[in-house]
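Here the structure comes first, spelled out in structure tokens, and everything after it is commentary.
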Amino acid sequence: MMLLSMAYQLTLHENLIEKLLSPANLDNAWKRVKANKGSAGIDGMTIDDFPTFANANWEHIKTQIAQGTYRPSPVLRVNIPKPDGGTRKLGIPTVLDRFIQQAIHQVLNPLFDPHFSPYSYGFRPNCNAAQAVTHLQTGIKSGRKIAIDIDLSKFFDRVNHDLLMHKLGLKIKDKVLMKLIGRYLRARIVEHGKRVKPTQGVPQGGPLSPLLSNIMLDELDKTLEKRGHHFARYADDFTILVKTKRAGERVLTSISLFIKQILKLVVNEKKSRVGAVKETRFLGFGFKYGRIKIHDNSLQRFKYRVRELTNRNWGIAMSKQIASLNRYLRGWGNYFLIANDYQLCVDLDQWIRRRIRMCFWRQWRKPRSKVKNLLKRGVPLALAISCGATRKGVWRSAKTKGINQALSNEYLANAGLVSLRDIWIKIHHG
DNA sequence: GTCACCTCGCA
RNA sequence: GGAUGCGAGGUGAC
Ligand SMILES: Nc1ncnc2c1ncn2[C@H]1C[C@H](O)[C@@H](COP(=O)(O)OP(=O)(O)OP(=O)(O)O)O1
Ligand SMILES: [Mg+2]
């Protein structure tokens, strides 16, 4: 019995490096790194350079990995703006290290993922944001009216190395692999040519980092489950549902304490709150009367983007413009239209069509819009004539009428403009 | 059903 | 400008 379990452990956990270095695993890892088409790390080596480099050096690197002597290169620090105005510190490993981390990810994920909480939805195979949101919805429908939103401050940047290594050590018995991961955590960061030693955090940009972050918060999930809370977590974004405000306040303080003391992470006090579910924002959604709504901020961003896509550039072929508008609408709709609000779709469709007509109206006012140019761009004849007529002194109303006629909803539908209404129907009765 | 490329959304 | 996972649409090859 003991022998059996030891043999089991040996094959499953102690020989992970071999699995890691197996040709099939490496092949998949490289495919993925290549498909992401990322840029070079600190060594300047691009995706295209890598195959020739690997042909010459991989055997050597492979031996180093197997023997536990491989040392990762430092990561390149790049600051990019966040939507909220702050900056996000990316840590970009070299292509070689992304390849190796990806290979590690593929070995570790099947080991850890099956044991994660079913209410953790971020960075996991077969899990998506819609599932997380609908899970919250069922909790709301069953009478929970109070939501606790907790946000972690600079989540990836503050992961505690010792604690993470401890959690990894509980499952990974392969000392060589543990050492390699430890070296990845301690890989130097290069910013403005200076090397700094990280004391905490996983790089935002490392293929392994998302999995490590889930391993880090797994204990939180399990604790919430054990306490019988209805919750959903997506990366560091999570919402817990309770019945009363009093219970909410109590849970917020106790969970905050857990996060600070046990997980050694920092709760973003400003973004954390407890209140009615109708005030909650989770993954771009909100809730109202037990229904999923698109949050105002998400709608605002949508309208801004549609304005951007319609405002200028109508000087070029209209079919091109409709195509780019279409792919945006499809992508956006397929994510957000799980919100069960049919009327909103109809309204948005109408809003989009009005915008398109309005942009034409503005543009054809300009003298350079000659009728035959309009025709060349694929503008319907009736519209072109009406614009020509306007410049000859016919009333504006004639132009408006011409545009409305020429760019009718029917015409735009024929031109292939997708409607959110159709996407909604496909999602809700498909 | 698999894979490749392009696009959109969320953390 | 880095990454993961998932979902969606399109083009293409088996
Ligand atoms: N574009 C991205 N690239 C890499 N990792 C990301 C990206 N967006 C989000 N993440 C990961 C790392 C973040 O720590 C984690 C949570 O994201 P987010 O809450 O937006 O920022 P944050 O937790 O780092 O800062 P903040 O203090 O503003 O909450 O998800
Ligand atoms: Mg955060």
Side-chain angles (χ1 to χ4, degrees), chain A residues 27-29 31-42 44 46-47 75-84 87-95 97-102 104-106 108-110 112-113 116 120-134 151-152 154-156 184 189-190 202-215 217 232-239 271 281-285 294-295 297-299 301-302 305-306 309 323-339 416 418 420 422-424 426-427 430:
Chain A
D27 189 49
N28 288 333
K31 272 186 190 155
R32 179 50 67 90
V33 172
K34 189 157 65 96
N36 285 330
K37 295 186 311 184
S39 63
I42 192 68
T46 62
I47 301 279
V75 297
L76 178 64
R77 167 73 85 230
V78 172
N79 294 308
I80 58 165
K82 273 198 286 194
D84 66 25
T87 66
R88 166 163 271 124
K89 293 169 184 303
L90 301 179
I92 304 169
T94 62
V95 171
D97 285 319
R98 296 210 293 269
F99 168 57
I100 297 169
Q101 280 196 38
Q102 178 65 29
I104 298 173
H105 173 264
Q106 287 166 3
L108 292 191
N109 203 45
F112 283 92
D113 194 82
F116 285 155
S120 164
Y121 297 91
F123 310 127
R124 297 185 59 191
N126 310 316
C127 294
N128 59 42
Q131 292 163 347
V133 173
T134 46
D151 182 80
L152 302 186
K154 312 239 174 265
F155 175 37
F156 276 35
Y184 269 115
I189 299 163
V190 173
V202 291
Q204 300 190 37
L208 194 54
S209 300
L211 174 63
L212 296 179
S213 81
N214 270 340
I215 291 169
L217 290 190
R233 182 174 73 79
Y234 198 109
D236 75 335
D237 199 351
F238 67 101
T239 295
K271 287 196 207 163
R281 185 162 104 92
F282 185 63
L283 306 180
F285 295 95
I294 299 169
H295 197 271
N297 294 32
S298 314
L299 268 182
R301 270 205 305 278
F302 170 78
R305 187 84 180 97
V306 171
L309 286 170
S324 66
L325 195 54
N326 275 352
R327 74 187 132 94
Y328 177 71
L329 292 176
R330 256 195 261 271
W332 188 88
N334 278 321
Y335 178 79
F336 278 106
L337 296 187
I338 62 164
V418 303
L420 294 173
D422 290 344
I423 298 172
W424 188 94
K426 181 174 66 64
I427 290 172

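Computed over heavy atoms, backbone and side chain alike; hydrogens, waters and symmetry mates excluded. By convention in this document, chain letters (A, B, ...) are assigned in the order of the sequence lines, proteins followed by strands, and residues within each chain are numbered from 1.
A/Leu90 comes within contact range of at least one nucleobase, with a heavy-atom separation under 4.0 Å. If you check every strand for non-hydrogen atoms under 4.0 Å, A/Phe336 touches sugar and phosphate atoms only. Nucleic acid contact class of A/Gln101 (heavy atoms, under 4.0 Å, all strands): none.
For A/Tyr234 and B/dC10, a side-chain-to-base donor-acceptor distance below 3.5 Å is present, hydrogens and geometry of angles not being considered.
Look at A/Arg124 and you won't find any side-chain N or O under 4.0 angstrom from OP1 or OP2 of C/rC6. A/Arg301 has a side-chain polar atom (N or O) that falls below the 4.0 Å cut-off from OP1 or OP2 of B/dC10. Dashed line: the shortest gap from a side-chain N or O of A/Ser39 to OP1 or OP2 of C/rG2 is under 4.0 Å.
Between A/Phe116 and A/Leu211 the shortest side-chain heavy-atom distance falls below 4.5 Å.
Taking atom CG of residue A/Asp236 and atom P of nucleotide B/dC10, one finds them 15 Å apart after rounding to whole Å. Separating the CD1 atom of A/Ile47 from the C1' atom of B/dC5 is a distance of 15 Å, rounded to the nearest angstrom. Rounded to a whole Å, the NZ atom of A/Lys89 is 18 Å from the C1' atom of C/rA3.
A salt bridge links A/Lys31 and A/Asp27; the closest N-O separation between the charged side-chain nitrogens and carboxylate oxygens is under 4.0 Å.
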